[in-house]
Amino acid sequence: MCLKALIFDLDGVLTDTAKYHYLAWKKLADELGYYFDEDINELLKGVSRINSFEIILEKNNATNKFTDLEKETLANKKNEYYKEMIEQLTPNDILEGIVPFINEARSNGVKCAVASISKNASRVLELLKISDMFDYIADAALVKNPKPDPEIFLTCAEQLGFKPSECVGIEDAQAGIESIHAAGMLSVGINVTVTSIMPDIVLKSTSELDFKQISEKF
Ligand code: BG6
Ligand code: MG
């Protein structure tokens, strides 16, 4: 078996947007008079926008406080704050080691894709000026089942024309690692707080990404 594709998560793997997600949720939580801190923010990594808001409500014993429509409106409000904040992103915000790693993979004929459940993924990639490095970028709006479901990783493999067993998924969140494993792919975990499944390759940061090490795992 030979490595054919690398499928990257975006937030926390290609760039660190967690701080902007944090600031945007914090602004909304402050307005609503809810408690929100970095520890709660950790639980939101890899979690969809609406499910993130539900976790914040749960932590504030406010699960039944809003209707579904109200929840959607408030989560969209957070997204407006977030969208404004990410406009500050530049290519300097690409995490260390990512560009040489992708360049090496591509020069070895390996395809690259992005499997992010963020509806802001295209804009973030555009601001980082790396959209052209990917052969396929999943559209989060079309994903029916968010991570830990394997759907988004399987869609990337299918769109690239490869079997899941020919692909490697790279993630920073536990939900993402579960998604990669459920898809039947080899997983690389970047600074993942492990709560259930252990990634196949455990790294502390993106600067440790090593194309040879990963291809030799095949
Ligand atoms: C994930 C982030 O990549 O995208 C989550 O890790 C975020 O924190 C999710 O909630 C959805 O993103 P967005 O941009 O569509 O609200
Ligand atoms: Mg992530």
Side-chain angles (χ1 to χ4, degrees), residues 6-29 36-59 71-89 93-95 98 113-128 130 134 137-153 155-156 168-181 183 187-195 197 199 202-206 209:
L6 295 170
I7 306 178
F8 296 81
D9 173 46
L10 170 69
D11 295 315
V13 171
L14 300 178
T15 187
D16 183 16
T17 42
K19 57 177 181 280
Y20 297 119
H21 280 296
Y22 170 77
L23 290 170
W25 281 125
K26 178 78 179 141
K27 190 166 174 184
L28 181 75
F36 183 67
D37 64 9
E38 303 267 4
D39 288 344
I40 303 176
N41 195 52
E42 273 301 303
L43 305 175
L44 312 186
K45 288 189 177 168
V47 175
S48 73
R49 194 182 306 163
I50 200 70
N51 290 348
S52 297
F53 188 46
E54 282 177 348
I55 292 174
I56 296 171
L57 290 177
E58 202 183 298
K59 294 284 172 195
K71 282 193 255 188
E72 209 182 302
T73 307
L74 289 166
N76 286 342
K77 197 170 178 194
K78 173 263 172 178
N79 191 49
E80 291 306 314
Y81 298 148
Y82 179 72
K83 284 203 302 200
E84 217 178 290
M85 291 170 186
I86 58 168
E87 287 303 307
Q88 302 168 44
L89 289 169
D93 294 298
I94 302 168
L95 287 174
I98 287 293
V114 177
S116 170
I117 53 148
S118 168
K119 298 198 172 76
N120 298 297
S122 308
R123 182 63 188 143
V124 171
L125 292 170
E126 204 174 278
L127 289 161
L128 298 175
I130 51 172
F134 299 98
I137 297 165
D139 181 352
L142 303 177
V143 177
K144 290 190 197 76
N145 308 295
K147 300 167 188 176
D149 189 278
E151 183 182 331
I152 194 164
F153 281 94
T155 304
C156 287
V168 167
I170 306 170
E171 262 289 350
D172 70 315
Q174 183 65 45
I177 296 294
E178 286 174 34
S179 172
I180 297 169
H181 278 240
S187 67
V188 178
I190 311 284
N191 194 24
V192 180
T193 309
V194 177
T195 50
I197 302 173
V202 178
L203 303 179
K204 284 202 195 73
S205 86
T206 50
L209 280 166

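Atom set for the values below is all heavy atoms of this structure, side chains included, hydrogens, waters and symmetry mates excluded. Counting convention: from 1, in listed order, for ligands and their atoms alike.
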- prompt: Do Gln174 side-chain atoms and Ile197 backbone N/O form a donor-acceptor pair below 3.5 Å?
  reply: yes
message: Geometry only, no angles: is Arg49 polar-contacting ligand 1 at N/O separations under 3.5 Å?
response: yes
task: Would you please name every residue forming a ring pair (Phe, Tyr, Trp, His ring centres under 6.0 Å) with Tyr20, sequence neighbours left out?
output: none
message: Using a 4.0 Å cutoff against the non-hydrogen atoms of Lys45, which atoms of ligand 1 qualify?
response: 6 (O)
message: Can you see whether Thr17 engages Asp11 through a side-chain donor-acceptor pair at a distance of less than 3.5 angstrom?
response: yes
message: Using the salt bridge (charged side-chain N to carboxylate O under 4.0 Å, His left out) criterion, which residues pair with Glu84? Sequence neighbours excluded.
response: none
- prompt: Counting N and O atoms only, with roles assigned by atom type, does the side chain of Ser52 sit under 3.5 Å from a partner on the main chain of Val47, one being a donor and the other an acceptor?
  reply: yes
query: Counting each atom of ligand 1 from 1 as listed, which ones have a heavy atom of Asp11 under 4.0 Å away?
result: 1 (C), 2 (C), 3 (O), 4 (O), 6 (O)
field: Atoms of ligand 1 close to Leu44 [distance to a heavy atom under 4.0 angstrom, numbered from 1]
entry: 5 (C), 8 (O)
- prompt: Do Tyr82 and ligand 1 have an N or O pair less than 3.5 Å apart?
  reply: no
- prompt: Does Ser52 approach ligand 1 within less than 4.0 angstrom via side chain, backbone, both or neither, non-hydrogen atoms only?
  reply: side chain
- request: Could you grab the distance from atom CG of Asp16 to atom CG of Leu10, nearest 0.5 Å is fine?
  value: 10.5 Å
task: Classify the contact between Lys119 and ligand 1 as side chain, backbone, both or neither, using a heavy-atom distance cut-off of under 4.0 Å.
output: both
statement: So the salt bridge (charged side-chain N to carboxylate O under 4.0 Å, His left out) pairs with at least one residue in residues 42-58 (sequence neighbours excluded) are Glu42-Lys45, Glu54-Lys71
query: Which class fits the ring pair Phe53 and Trp25: parallel under 30°, tilted 30 to 60°, perpendicular over 60°?
result: parallel
- request: Look at ligand 1 and say whether Val47 reaches it with a heavy atom at a distance under 4.0 Å.
  value: yes
- prompt: Near the Mg ion (ligand 2), which protein N/O/S atoms are found at less than 2.8 Å?
  reply: Asp9 OD2, Asp11 O, Asp172 OD1
- line: Looking only at heavy atoms, the pair that brings Glu38 and Tyr22 closest together is N-CE1, 3.7 Å
- request: Below 4.0 angstrom from a heavy atom of Gly46, which ligand 1 atoms are there? Numbered from 1 as shown, please.
  value: 2 (C), 5 (C), 6 (O)
- request: Could you tell me whether a side-chain N or O of Ser179 sits under 3.5 Å from a main-chain N or O of Asp149, the two making a donor and an acceptor?
  value: yes
